[in-house]
Protein chains: 2
Amino acid sequence: MRLVVATCQVDYAGRLTAHLPLATRVLMIKADGSVLVHSDGGSYKPLNWMSPPCTLREGTTEDGQIEWTVTNPKTDDTLRILLTEIFSDSSHVLGIDPGLQKDGVEKHLQELLAEHPATLSPGLTLVRREYPTAIGPVDLMCRDEAGASVAVEIKRRGDIDGVEQLTRYLELLNRDPLLSPVRGIFAAQEIKPQARVLATDRGIACALVDYDALRGLDDPSHRLF
Amino acid sequence: MRLVVATCQVDYAGRLTAHLPLATRVLMIKADGSVLVHSDGGSYKPLNWMSPPCTLREGTTEDGQIEWTVTNPKTDDTLRILLTEIFSDSSHVLGIDPGLQKDGVEKHLQELLAEHPATLSPGLTLVRREYPTAIGPVDLMCRDEAGASVAVEIKRRGDIDGVEQLTRYLELLNRDPLLSPVRGIFAAQEIKPQARVLATDRGIACALVDYDALRGLDDPSHRLF
DNA sequence: CTGTAGATCTCGTTT
DNA sequence: AAACGAGGTCTACAG
């Protein structure tokens with residue numbers, strides 16, 4: 001890992017063309033050759049960058065200024081960095097990172113709802129999780145008290161795409177005379193108004209999921225930490 | 001901008017809960033208080049981070065180790081960083097960045113196709129760009145040689161979502177007796193096989209767009225640089 | 001290996 | 001301010 005603080009101008013050419021005027025920034029060069037250009041704001045996304053695999057070539061321009069050329073042989077992207085003044089340049093050995101341990105995303109939501117399907121609709125019982133179809137797995141396949149099939153699509157944030165996805169599943173599932181009629185439940189922690197309208201228009205029920213309440217129902221020994 | 005190279009352990013609690021075991025990493029603290037935890041690989045995304053607005057509080061644990069607590073008052077997220085060994089700690093004044101100048105994304109593709117609609121289908125002429133509907137603007141509304149309406153959806157990468165979007169537009173537009181029948185063209189630089197199948201199944205034509213060729217047709221004086 | 005869906009998405013633009 | 005769409009998306013996972 002090399003960290004350079006320098007006044008620089010950056011030009012990128014790849015999927016798009018982009019230009020950064022001369023200013024002081026932080027350049028992060030990782031062990032795999034990738035380069036990140038960070039300013040003193042924004043968020044975690046760099047102003048500009050090069051993804052690995054790529055190689056950095058250091059050179060000088062005709063007027064004696066330092067110029068870095070970073071190229072990615074796979075994508076033919078290039079990043080040209082002109083450095084007019086260097087304030088700091090240091091290298092550090094970091095070693096391989098053990099990586100991030102996560103908990104609590106959609107998969108976990110699906111696990112919790114699989115354990116407590118009745119929170120979606122009274123009397124609902126699980127048939128199976130990740131119920132396979134030709135166009136992808138249905139998150140939860142359930143049965144209601146009357147024995148009718150219910151397909152559940154789970155999202156953290158419910159938007160129109162999720163409704164479209166569930167609609168495609170329902171259309172396919174309802175072609176199967178052994179399952180039909182299959183009704184749908186669109187479950188999410190948050191449902192966008194347009195998604196709710198579309199779902200309702202298509203006869204799909206919406207269920208708001210309370211993640212913390214589900215966690216409370218769940219055995220706390222399952223926690224990672 | 002403060003750059004710290006240190007052996008650290010990181011715990012995040014917010015939308016999800018995440019943990020980084022003890023290892024040597026780079027900590028980037030921006031002027032707005034945001035914090036990025038980078039390892040020597042991956043890509044431009046940090047292992048862990050805190051988005052602004054947030055505040056960093058430095059403290060010491062009972063056993064005398066340095067502990068940073070970063071909190072975001074808006075979202076109630078917290079990032080706890082335990083630093084066991086610091087290899088480098090430096091601060092730099094960067095100033096405000098002039099920002100990235102972009103060129104060449106979907107908007108530009110739309111402009112080029114608006115100028116040259118006949119490249120999509122022979123004899124096609126533009127009615128208007130960003131044709132408004134109740135569920136959003138249609139990228140290009142055109143007329144063919146016979147005077148029939150043609151709705152064009154433009155994507156850089158054509159996937160199934162784009163076909164769904166165009167389908168919704170067509171469904172809506174075809175309810176208008178003044179416009180109906182409206183046919184659709186799905187235009188993209190690259191069209192995924194599944195998207196092509198879905199489009200064809202729904203009677204939507206697919207058009208592969210050659211961005212460089214369109215640029216050639218276009219007046220070069222429109223370039224930014 | 002390709003393709004698909006999720007993301008502490010981020011980042012615009014528009015309503 | 002909220003919402004919708006795009007991203008040089010990136011990234012993990014399934015087929």
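Worth knowing before you read on, the calculation uses all heavy atoms, side chains too, and leaves out hydrogens, waters and symmetry mates. Letters A, B, ... mirror the listed sequences (proteins, then strands); counts begin at 1. The model shown is predicted, which means the values in this text are computed figures rather than measured ones.
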- Task: Check the distance between C/dG6's C1' and A/Lys102's NZ and give it to me in whole angstrom.
- Result: 9 Å
- Task: Kindly write out the residues that satisfy salt bridge (Lys or Arg N to Asp or Glu O under 4.0 Å) with A/Asp159, not counting sequence neighbours, or none if the list is empty.
- Result: none
- Message: As a test of reading the structure: which of D/dC4, D/dA6, C/dA5 is closest to the side chain of A/Lys155, going by heavy atoms?
- Response: C/dA5
- Task: Could you check how far CG of A/Leu198 sits from C1' of D/dC4, rounded to whole Å?
- Result: 14 Å
- Message: Students often get this wrong, so: under 4.0 angstrom with heavy atoms, is A/Met50 touching a base, only sugar-phosphate, or nothing?
- Response: base
- Item | Those residues that, when tested against B/Glu67, pass salt bridge (Lys or Arg N to Asp or Glu O under 4.0 Å) (two or more places apart) | B/Arg80
- Item | Euclidean distance, atom NZ of residue B/Lys30 to atom P of C/dT10 [Å, nearest integer] | 12 Å
- Query: Roughly, in whole Å, what's the span from CG in B/Asp32 to P in C/dT10?
  - Reply: 13 Å
- DNA chain D nearest-nucleotide lookup for A/Ala195 and B/Leu100: closer to the 5′ end is A/Ala195
- Whole-Å distance separating the CD atom of B/Glu130 from the C1' atom of D/dA6: 13 Å
- Note on the structure: Side-chain atoms of B/Ser51 come closest, of D/dC4, C/dG6, C/dT10, to C/dT10
- Task: Rounded off to whole Å, could you give me the CD-to-P distance for the B/Glu164 and C/dT4 pair?
- Result: 13 Å
- Task: Take A/Arg168 and B/Leu79, find for each the nucleotide of DNA chain C with the closest heavy atom, and name the residue whose nucleotide sits nearer the 5' end.
- Result: A/Arg168
- Please list, chain by chain and in numerical order, all residues satisfying side-chain hydrogen bond (donor to acceptor under 3.5 Å, both in side chains) with A/Ser121, sequence neighbours excluded. none
- Grab the CD-P distance between A/Gln110 and C/dA7 for me, whole Å please. 11 Å
- Message: Just to verify, what does B/Arg183 make a salt bridge (Lys or Arg N to Asp or Glu O under 4.0 Å) with, not counting sequence neighbours?
- Response: B/Asp144
- Item | Any B/Trp49 side-chain nitrogen or oxygen under 4.0 Å from OP1 or OP2 of C/dT10 | yes
- Check: A/Asn174 side chain, A/Val182 main-chain N or O, donor-acceptor pair, under 3.5 Å: yes
So which protein N/O to nucleotides 11-15 of chain D N/O distances come out below 3.5 Å?
from: D/dT11; atom 1: OP1; to: B/Ser43; atom 2: OG; distance (Å): 2.4
from: D/dT11; atom 1: OP2; to: B/Ser43; atom 2: OG; distance (Å): 3.2

- Item | Sequence neighbours excluded, every pair satisfying side chain to side chain donor-acceptor pair (under 3.5 Å) that has a member inside residues 37-47 of chain A | A/His38-B/Lys30
- B/Leu16 atom CG is separated from C/dG6 atom P, nearest whole Å, by 16 Å
- Query: If you measure from the Lys or Arg side-chain nitrogens to the Asp or Glu carboxylate oxygens, is any gap between B/Arg202 and B/Glu164 under 4.0 Å?
  - Reply: yes
- Message: On DNA chain D, compare the nucleotides closest to A/Ile160 and A/Leu47; which residue's is nearer the 5' end?
- Response: A/Ile160
